[in-house]
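In what follows, a single structure is set out as structure tokens and then discussed.
Letters A, B, ... are given to chains in the order of the sequence lines, protein chains preceding strands, and every chain is numbered from 1.
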Amino acid sequence: MKTVIERIKEITKSGLKKISSKYNFSLDGLDIEIEIPKEEKYGDYSTPVAFNLARSMNINPFHVARDLLETLNKINRFFFKKIDLVPPGFINFFLSRKFLLKELQEISSQKGNYGKADKDREDKIILEFVSANPTGPLNVVSARAASVGDALGNILQFRGKNVFKEYYINDAGGQVDLLGKSVLYRMKQRSGKRVKLPEDCYQGEYLIDVATEIMKDKSFYKKIKNLNEKESIEMIRDYTVKSIVKSQKKDLKAFQVEFDNWYSENRLRKSKAIDEVLDLLKKKGALYDNEGKVYFRSTSFGDEKDRVMVREDGTPTYFCVDSAYHLDKFRRGFTQVIDLWGPDHHGYIPRMKGVLQSMGFTEDSFQVFIVQQVNLLEKNEKIQMSKRAGNFVLMRDLLKDIGKDAARFFFLHRTLNSHLDFDMELARKQSDENPVFYVQYAHARICSIFKQAESQKAKLPKDRSKIKLDLLAENKEEIDLIKKLIDFPDTIREAALKFQPGLITGYLLTIAQLFHKFYTEHRVLTKNKSLTLARLYLVECIKIILKIALDLIGIKAPEKM
RNA sequence: GCGCCCGUAGCUCAGCUGGAUAGAGCAACGGAUUUCUAAUCCGUAGGCCGUAGGUUCGAAUCCUACCGGGCGUGCCA
């Protein structure tokens with residue numbers, strides 16, 4: 001099913017085809033822009049296509065628009081009530097009432113599938129996000145990434161893509177060794193030794209819990225007691241990572257975010273993947289040796305300097321391992337690799353793009369989006385957060401404080417690429433008037449209407465064709481609602497195309513607003529039975545759309561509040 | 001030094017591949033409920049779009065310089 005904009009685009013295109021010979025232009029590569037004007041008098045949809053053509057051919061936009069309008073008026077009578085031409089060359093479309101009602105029927109009949117795109121058999125997307133180090137519980141930054149990543153995955157899936165959500169566990173390297181050491185010292189402390197936790201260790205108190213857990217695990221504890229410090233640190237490290245990953249999974253689940261796969265860096269390192277990536281890059285001539293180290297020529301891809309892949313002692317760098325991981329993503333058959341990274345990894349984009357291109361993958365098969373940082377404010381003071389210092393606000397605390405629905409809505413309702421000031425005090429205090437409740441209330445209100453209708457024996461018949469839809473769209477509130485409802489597929493489409501899950505929250509707010517207004521102005525349950533049924537039908541469509549949209553972003557659609 | 005993000009209403013932010021009179025929410029102020037949930041609705045007020053130039057029919061949007069805030073700039077992960 002094509003979206004409304006897609007259909008208007010097609011109509012406009014066929015109109016342009018008919019006048020193309022007169023002006024001698026080609027439609028190849030011309031993107032016909034269809035937008036929703038800010039002001040009602042400029043129509044429901046509008047196109048500035050005449051300007052685009054006029055500019056490239058140096059002709060008068062008004063003339064092109066005038067001829068286009070003439071052809072368009074001949075082409076379609078059903079879609080539009082009228083088409084306007086406004087100087088200096090805007091073409092404005094006004095939808096017909098007939099079309100609005102026809103499209104409303106689509107919502108009713110397609111239900112949860114309204115706005116879905118056909119399955120795309122070509123693309124297999126792997127979407128990697130969060131991937132926090134397994135050195136502690138997830139914090140608010142991960143919460144933002146989780147909200148965004150999960151919603152994006154759902155949206156892309158809805159728009160027909162095959163999406164595989166993956167979490168990369170950095171369970172190898174120096175950081176986790178330090179983690180093992182930290183827990184070892186916590187264990188020493190717990191057994192009564194007066195030792196101080198070294199400064200380079202993770203200071204978080206959650207590690208005391210892990211230490212306790214290990215000491216209670218008698219069989220494991222016995223095993224490590226007789227080992228030397230290095231060996232026991234390794235054992236403790238693995239135990240700790242396992243325990244922390246488990247708790248991260250739990251936190252994410254509470255946040256309603258689930259992954260298709262948790263991928264272990266440790267396992268990757270033990271496989272042949274690293275040798276493979278080095279071999280492949282060598283074959284392509286992208287590597288060179290210098291002072292006993294192996295370098296990758298990332299300067300060929302706009303990086304500031306070439307990057308070390310293998311150190312003098314023969315161990316691979318993080319970059320090297322990550323390259324192997326990304327090669328593995330393609331090896332597993334994914335055609336589109338999408339990563340959400342934190343701003344601290346920003347500098348890695350050129351070299352990672354470079355590595356993948358060197359190995360023969362196209363530039364646009366790998367995309368990175370930076371989910372910007374979250375600044376937490378408490379009493380107007382910025383909270384300094386450092387994992388090592390152990391003072392960071394946790395995802396689970398956020399959940400307890402303001403709830404999953406409000407938190408997710410908040411994280412999504414702004415572009416992922418900009419910094420986010422999260423005022424904890426305000427979020428807590430405002431929990432009553434948070435926009436998410438406004439949206440949820442709309443859904444609950446609708447459910448309440450149906451409950452009431454049932455007691456009045458006003459029930460929508462199974463055969464919806466019996467309903468007199470002609471009674472709808474008689475007033476502005478209904479017309480505005482229907483117009484916004486049928487815009488849903490376009491909103492989702494744009495959100496998927498531009499990777500902007502925030503468009504959904506904005507859409508939800510508008511629908512809720514239009515509904516609340518309608519609710520205030522008009523009654524659904526009236527003495528006129530036909531009208532009652534028609535309005536129930538409309539309200540049911542609103543409920544369908546609200547539910548789909550809320551599901552996509554992982555927010556509950558409550559039956560009552 | 002270099003790179004990136006940000007600067008729009010009192011606050012939080014949309015709008016940024018140039019287009020029609022710069023928008024929304026919150027806060028402030030004034031109003032609305034005998035009827036399906038007032039967690040609602042209606043109205044008022046609020047702006048040198050960081051500053052200065054440039055590009056053009058047209059700039060919040062593009063270019064240049066500068067100012068301010070934040071982050072990054074490892075053979076750590």
Side-chain angles (χ1 to χ4, degrees), chain A residues 31 33 35 37-39 41-42 46 48 51-52 55 61 86-90 92 131-135 168 170-178 265 291-295 302-305 307-313 315-322 342-350 370 372-373 375 382 410 413-415 417-423 426-427 430-442 444-453 455-456 458 500 502-503 505-506 509-510 512-513 515-526 532 535-536 539 560-561:
Chain A
D31 181 41
E33 203 180 325
E35 54 192 26
K38 277 172 271 179
E39 291 199 54
K41 67 174 178 189
Y42 295 133
S46 167
F51 295 106
N52 303 333
R55 186 179 304 138
V86 178
F90 291 100
N92 301 330
S131 300
N133 285 342
T135 53
Y168 182 61
N170 297 119
D171 53 0
Q175 301 256 26
V176 282
D177 288 341
L178 210 54
E265 175 184 349
E291 297 171 343
K293 292 163 271 192
V294 180
Y295 282 84
D303 201 4
E304 293 164 1
K305 54 183 179 186
R307 304 291 174 173
V308 173
M309 290 216 113
V310 184
R311 301 183 189 99
E312 244 173 309
D313 65 1
T315 57
T317 61
Y318 170 75
F319 170 51
C320 177
V321 181
D322 217 22
D344 48 334
H345 286 64
H346 180 268
Y348 271 77
I349 297 175
I370 300 293
Q372 280 289 350
Q373 68 195 78
N375 294 321
K382 197 166 150 190
F410 209 92
H413 191 54
R414 61 209 62 226
T415 47
N417 202 16
S418 57
H419 300 215
L420 162 55
D421 284 337
F422 201 119
D423 188 329
L426 200 73
Q430 278 194 341
S431 63
D432 275 69
E433 55 213 27
N434 198 305
V436 70
F437 294 107
Y438 183 80
V439 174
Q440 290 181 316
Y441 183 49
R445 254 184 163 176
I446 292 171
C447 293
S448 172
I449 293 173
F450 276 104
K451 224 170 282 161
Q452 189 72 25
S455 70
Q456 293 180 14
Q500 286 182 357
L503 293 178
T505 52
L509 284 170
T510 309
Q513 186 186 42
F515 167 72
H516 286 312
K517 191 166 179 176
F518 162 79
Y519 183 92
T520 312
E521 300 288 327
H522 308 282
R523 282 191 62 82
V524 174
L525 307 175
T526 63
T532 298
R535 288 201 171 148
L536 276 175
V539 160
K560 64 175 176 193
M561 286 173 80

Residue A:R311, side-chain atoms from C-beta onward, closest of B:C5, B:A77, B:C2: B:A77
Treating A:S448 as the side-chain partner and A:A444 as the backbone partner, does any N or O pair qualify as donor plus acceptor under 3.5 Å? no
For B:G7, which nucleotide is its Watson-Crick or G-U wobble mate, given both distances must be under 3.5 Å? B:C67
What's A:S418 touching, base or sugar-phosphate or nothing? Going by heavy atoms closer than 4.0 Å. sugar-phosphate
For B:U40, what is the paired nucleotide under Watson-Crick or G-U wobble rules, both distances under 3.5 Å? B:A32
Between B:C41, B:C36, B:A20, which nucleotide gets closest to the side-chain atoms of A:E521? B:C41
Show the nearest heavy-atom pair for residues A:P316 and A:R311, with the distance to one decimal. O-NH1, 3.3 Å
Measuring only the C1' atom in each nucleotide, how far is B:U51 from B:G72? A whole number of Å is fine. 26 Å
Starting from P on B:G15, measure out to CD on A:E33 and report it in whole angstrom. 15 Å
Provide the distance between the two P atoms, one in B:U64 and one in B:U55, to the nearest whole Å. 15 Å
With rounding to whole Å, what would you report as the distance between B:A27 and B:A20 at their C1' atoms? 32 Å
So what does A:Q513 touch, heavy atoms closer than 4.0 Å: a base, only the sugar-phosphate, or nothing? sugar-phosphate
Straight-line distance of A:Y438 OH to A:L509 CG, nearest 0.5 Å: 7.5 Å
Can you tell me how far P in B:C71 sits from the matching atom in B:A32, rounded to whole Å? 50 Å
Any strand, both distances under 3.5 Å, Watson-Crick or G-U wobble: B:C62 pairs with B:G54
Calculate the interatomic distance between A:D344 atom CG and B:G72 atom C1'; express it in whole Å. 8 Å
Taking the C1' atom in each of B:A9 and B:C49, what is the distance between them to the nearest angstrom? 11 Å
Let me see the working for A:T315 and A:D313 under side-chain hydrogen bond (donor to acceptor under 3.5 Å, both in side chains), right down to the final yes or no. CA-CA 6 Å; A:T315 57; A:D313 65 1; 2.7 Å; yes
Of the nucleotides B:C36, B:C5, B:A77, which has the atom closest to the A:E265 side chain? B:A77
Taken to the nearest whole Å, CD1/A:I449 to P/B:U35 is 15 Å
Less than 3.5 Å between a donor and an acceptor, one on the side chain of A:K305 and one on the base of B:U73, is that the case here? no
Going by centres under 5.5 angstrom and planes under 30 degrees, do the aromatic ring of A:Y438 and the base ring of B:A39 stack? no
Go through the N and O atoms of the side chain of A:Q372 and the base of B:C5, and report whether any donor-acceptor pair is under 3.5 Å. no
Looking at B:G15, B:C5, B:A20, which one has an atom nearest to any side-chain atom of A:T415? B:G15
Scan A:A444 against the nucleic acid and name what it touches under 4.0 Å (heavy atoms): base, sugar-phosphate only, or nothing. base
Quick check: on RNA chain B, is the nucleotide nearest A:F319 upstream (toward 5') of the one nearest A:P343, or the reverse? Name the residue that is more 5'. A:P343
Side chain A:S46 and base B:A20 donor-acceptor under 3.5 Å: yes
Please work out which of the three classes, parallel, tilted or perpendicular, describes the rings of A:F422 and A:F410, given edges at 30° and 60°. tilted
Atom pair OH (A:Y42) and CD (A:E35), whose distance is rounded to the nearest 0.5 Å: 12.5 Å
Of the nucleotides B:A20, B:A77, B:C36, which one has an atom closest to the side chain of A:Y42? B:A20
Between NE2 of A:H413 and C1' of B:C13 the distance, given in whole Å, is 7 Å
A:R445 has its side chain closest, among B:U40, B:A77, B:C6, to B:U40
Could you tell me whether A:D303 contacts a base, only the sugar-phosphate backbone, or nothing, with contacts defined as non-hydrogen atoms closer than 4.0 Å? nothing
Pair of N/O donor and acceptor under 3.5 Å linking B:A77 base with A:D171 side chain: no
A:H346 atom NE2 is separated from B:G3 atom C1', nearest whole Å, by 7 Å
Closest non-hydrogen contact found for A:Q175 with A:T135 is O-CG2, 4.3 Å
Any side-chain heavy-atom pair of A:R535 and A:F518 under 4.5 Å: yes
Watson-Crick or G-U counterpart of B:C13, or none if no pair lies under 3.5 Å: B:G23
Closest listed nucleotide, where the reference is the side chain of A:R414 and the choices are B:C41, B:A14, B:U21: B:A14
Rounded C1' spacing from B:U17 to B:C63 in Å: 15 Å
Would you kindly give the CD-to-P distance between A:E304 and B:G74, to the nearest whole Å? 8 Å
So A:D421, base contact, sugar-phosphate only, or nothing? Heavy-atom distance under 4.0 Å. sugar-phosphate
Distance check, P atoms only: B:A22 and B:G47, in whole angstrom units. 13 Å
Between A:H516 and A:K38, just flag the one whose closest nucleotide in RNA chain B comes earlier from the 5' side. A:K38
Could you tell me how far B:C76 sits from B:C6 if I compare only their C1' atoms? Round to whole Å. 28 Å
Does B:C49 have a Watson-Crick or wobble mate here (both distances under 3.5 Å), and if so which one? none
Can you measure A:I349 atom CD1 to B:C5 atom C1' for me and round it to whole angstrom units? 12 Å
Just how far, in rounded Å, is C1' of B:C11 from CZ of A:F410? 11 Å
Please work out if A:F422 contacts a base, only the sugar-phosphate, or nothing of the nucleic acid, heavy-atom cut-off 4.0 Å. nothing
With sugar-phosphate meaning primed atoms plus P, OP1 and OP2, does A:H419 contact a base, only sugar-phosphate, or nothing at under 4.0 Å between heavy atoms? base
Enter the distance from A:D322:CG to A:N170:CG here, rounded to the nearest 0.5 Å. 8.0 Å
Watson-Crick or G-U counterpart of B:G72, or none if no pair lies under 3.5 Å: B:C2
Assess whether one donor atom and one acceptor atom, taken from the side chain of A:Y348 and the base of B:A77, lie less than 3.5 Å apart. yes
